[in-house]
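This report refers to the structure that appears directly beneath it.
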Amino acid sequence: MVVLGIESTAHTASVGIVDERARVVALTSDMHKPAHGGIHPREAANHHVDLLPGLVARALADGHVAPADVEAVAFAQGPGLGPCLRAGATVARMLAMAWDRPLVPVNHCVSHVEIARVLSGLDDPVLLYASGGNTQVIAYARGRYRVLGETLDVGIGNFLDKLWIALGGTFPGGPALEREALQGGALHPLPYSVHGMDVAFSGILTAALALHARGVPRPDLAYSVEVTAYSMLTEITERALAHLKGRAVVLGGGVACNERLRGMVRAMVEGRGGTMFAPPRSLCVDNGAMIAWTGLLAHRAGLDVPIRDSAVAPRQRTDLVRTPWREAPGVVPGPSVASRAGEAA
Ligand code: ATP
Ligand code: FE2
């Protein structure tokens with residue numbers, strides 16, 4: 001049996017199908033890319049409404065999966081943009097009804113943790129979750145995933161996107177800045193804003209634009225921004241690790257695709273004698289496979305809901321959702337069983 005998961009929290013519409021060993025049977029995605037400027041929720045939602053039916057059909061065909069093979073239908077309940085979430089939830093409800101299968105709501109942030117955890121085979125890692133809208137250091141404690149530190153203003157990815165667009169580029173900015181930074185090498189001082197285990201980025205944005213106006217070349221600007229911002233993330237992750245006496249870190253979220261960030265966190269963790277794992281890029285960015293996998297864990301832990309209780313939750317926080325599968329590991333396959341799943345990605 002497999003679980004089908006639908007992701008539609010922001011710019012990406014995605015359908016994933018995974019089996020009970022967390023092998024990705026199928027993954028189809030399409031990212032809404034505005035011609036200029038940032039994302040408009042209504043336009044992104046229209047994109048998802050148009051594309052999701054086709055993505056579902058393609059995922060079923062790619063994975064040679066029949067509706068009868070589907071154990072449950074999962075969807076990202078939140079956090080995210082309301083209209084986008086509703087597009088995915090509506091498709092999930094329709095499939096659950098048409099196929100007479102249980103419907104499972106999933107927290108998007110928890111799903112970033114769970115896919116990284118199962119692929120890494122690490123049992124209790126600290127997660128650095130660095131995406132467009134979210135920047136959090138997360139660890140499990142007493143029944144919940146806890147947010148130990150987070151951004152006090154924008155998510156790091158939104159900050160990188162905003163900067164790149166202000167410099168004349170188009171969304172998404174993170175990968176473009178990464179390529180640009182490889183050509184740079186002069187480090188210009190920027191505000192280094194770490195407050196305990198929290199971080200802030202808007203001061204860097206203002207200062208970087210001021211440097212740009214003074215004629216600092218774009219590659220050096222990109223390099224300075226990356227080094228500064230990723231140092232901040234590495235520092236708060238190290239603080240969490242030290243505090244918890246932890247030995248493992250996993251990365252998640254679109255910004256976790258970045259090689260410089262991966263390298264800096266790896267050096268920090270390995271310097272402390274621990275292990276760092278980053279999922280393949282297709283599973284770092286928003287994807288339906290992580291929703292399907294977390295849906296499988298939640299379904300087997302009894303967290304299905306009737307359709308009338310399946311409203312989306314645009315502001316749902318990581319630390320508000322129950323994760324009973326973490327307390328009863330025997331209920332579902334543990335990471336050691338599923339660690340081979342990395343091959344499938
Ligand atoms: P969430 O809903 O979890 O906040 P999201 O909607 O922003 O996520 P993701 O796919 O997790 O979606 O992340 C997208 C972000 O990742 C964008 O801001 C993009 O610029 C950034 N990103 C993608 N690749 C890279 C990279 N190589 N380096 C830096 N940033 C990257
Ligand atoms: Fe995400």
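These numbers were taken from a predicted model, which means no experiment stands behind them.
- Looking at F277 and L119, their side chains come closer than 4.5 Å, going by heavy atoms from C-beta outward.
- V126 and V113 fall into different hydrophobic clusters, where Ile, Leu, Val, Met, Phe, Trp and Tyr side chains are chained together by heavy-atom contacts under 4.5 Å.
- In this structure, CD1 on I6 lies 5.0 Å from CG on L95, to the nearest 0.5 angstrom.
- Of all heavy-atom pairs between L163 and A208, the closest is CD1-CB, 4.0 Å.
- Looking only at distances, a side-chain donor or acceptor of T206 sits under 3.5 Å from a matching main-chain atom of S202.
- You'll find the side chain of Y192 stays beyond 4.5 Å of the side chain of I204, heavy atoms only.
- For the pair Q316 and Q77, the minimum side-chain heavy-atom distance is below 4.5 Å.
- A donor and an acceptor atom, one from each side chain of E7 and T9, are located under 3.5 Å apart.
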| said: Before you tell me yes or no, could you show the steps for E150 and T135 under side chain to side chain donor-acceptor pair (under 3.5 Å), namely the whole-Å CA-CA distance, both residues' side-chain angles and the distance that decides it to 0.1 Å? | reply: CA-CA 5 Å; E150 64 189 315; T135 306; over 6 Å; no

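- The pair R101-E71 fails the salt-bridge criterion, with no side-chain N (NZ, NE, NH1 or NH2) lying under 4.0 Å from an Asp/Glu carboxylate O.
- Note that CG of N134 and OH of Y129 are 4.0 Å apart. Values are rounded to the nearest 0.5 Å.
- Side-chain N or O atoms of D220 include one that pairs as donor or acceptor with a backbone N or O of G185 at under 3.5 Å.
- No cation-pi contact links R260 to Y230, judged by a cut-off of 6.0 Å to the six-membered ring centre and 45° from its axis.
- The number of heavy atoms from other shown groups lying within 6.0 Å of CE (M94) does not exceed 12.
- For the pair T323 (side chain) and R326 (backbone), a donor-acceptor distance under 3.5 Å is absent.
- For H108 and D286, the side-chain atoms include at least one donor-acceptor pair closer than 3.5 Å.
- Between R272 and L241, the closest side-chain pair of non-hydrogen atoms falls below 4.5 Å.
- V312 shares a hydrophobic cluster with L85; the chain of contacts runs through ILVMFWY side chains whose heavy atoms sit under 4.5 Å apart.
- The structure places CE of M268 at 8.0 Å from CG of L128, a figure rounded to the nearest 0.5 Å.
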| request: Please test E327 against Y140 for side-chain contact (heavy atoms from CB on, under 4.5 Å), starting from the C-alpha separation and ending with a verdict. | output: CA-CA 10 Å; E327 286 132 80; Y140 176 80; 3.4 Å; yes

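- Heavy-atom contacts from other residues, nucleotides or ligands closer than 6.0 Å to CZ of R322 number 12 or fewer.
- Donor-acceptor pairing under 3.5 Å is recorded for the side chains of E114 and W325.
- For the residue pair T170 and W164, the shortest heavy atom distance occurs at O-CD1, 3.3 Å.
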| Would V70 and V3 count as a side-chain contact (heavy atoms from CB on, under 4.5 Å) if you check the C-alpha gap in whole Å, the side-chain angles of each, and the deciding distance to 0.1 Å? | CA-CA 6 Å; V70 175; V3 171; over 6 Å; no

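- With contacts defined as side-chain heavy-atom distances shorter than 4.5 Å, the pair S14/L27 qualifies.
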| V73 vs V104, side-chain contact (heavy atoms from CB on, under 4.5 Å): CA-CA, chis, key distance, verdict | CA-CA 6 Å; V73 178; V104 205; over 6 Å; no

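- Proximity of L4 to W99: side-chain heavy atoms (C-beta onward) are separated by under 4.5 Å at one or more points.
- Using a cut-off of 4.0 Å between Lys/Arg side-chain N and Asp/Glu carboxylate O, D124 and R117 are scored as not salt-bridged.
- Taking hydrophobic clusters as Ile, Leu, Val, Met, Phe, Trp and Tyr residues chained together by side-chain heavy-atom distances below 4.5 Å, V227 does not share a cluster with F159.
- A59 and T28 get closest at one heavy-atom pair: N-CG2, 3.8 Å.
- Side-chain contact, S111 with T294: no donor N or O sits under 3.5 Å from an acceptor N or O.
- Between the side chain of D69 and the backbone N or O of A66 there is at least one donor-acceptor pair closer than 3.5 Å.
- With respect to the salt-bridge test (charged N to carboxylate O, under 4.0 angstrom), the residues R317 and D319 qualify.
- Contact detail for C84 and A10: the closest heavy-atom pair is SG-O, 3.6 Å.
- Between the CG atom of N107 and the NE2 atom of H112 there is a distance of 9.5 Å, given to the nearest 0.5 Å.
- Side-chain contact between V65 and V25: present, with at least one pair of heavy atoms (C-beta onward) separated by less than 4.5 Å.
- Taking 4.5 Å as the limit, every side-chain heavy atom of N258 sits out of range of all side-chain heavy atoms of L177.
- Between R281 and E259 there is a salt bridge, since a side-chain N of the basic residue sits under 4.0 Å from a carboxylate O of the acidic one.
- Without hydrogens or angle criteria, R23 side chain to V18 main chain gives no donor-acceptor distance under 3.5 Å.
- Minimum interatomic distance between V255 and S131 (heavy atoms only, all atoms of both residues): CG2-O, 3.9 Å.
- Under a 3.5 Å cut-off, the side chain of N46 and the backbone N or O of A44 do not form any donor-acceptor pair.
- Criterion: ILVMFWY side-chain heavy atoms under 4.5 Å apart, direct or through other members. Under it, L251 and L244 are part of a common hydrophobic cluster.
- In terms of heavy atoms, L303 sits closest to P324 at CD1-CD, 3.7 Å.
- When the shell of 6.0 Å around CG of D100 is examined, it contains 12 or fewer heavy atoms from other residues, nucleotides or ligands.
- A side-chain hydrogen bond (donor to acceptor under 3.5 Å, both in side chains) check over residues 79-96, counting only residues at least two apart or in different chains, returns the pairs R93-S310.
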| request: Kindly determine whether V321 and V106 satisfy side-chain contact (heavy atoms from CB on, under 4.5 Å), including the steps that lead there. | output: CA-CA 9 Å; V321 297; V106 163; over 6 Å; no

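- Atoms CE and CD, from M197 and Q136 in turn, are 13.5 Å apart once rounded to the nearest 0.5 Å.
- Between the side chains of H48 and D30, no donor-acceptor pair is found at a separation under 3.5 Å.
- Taking the six-membered ring for Trp and thresholds of 30 and 60 degrees, H11 and F171 have ring planes inclined between 30 and 60 degrees apart.
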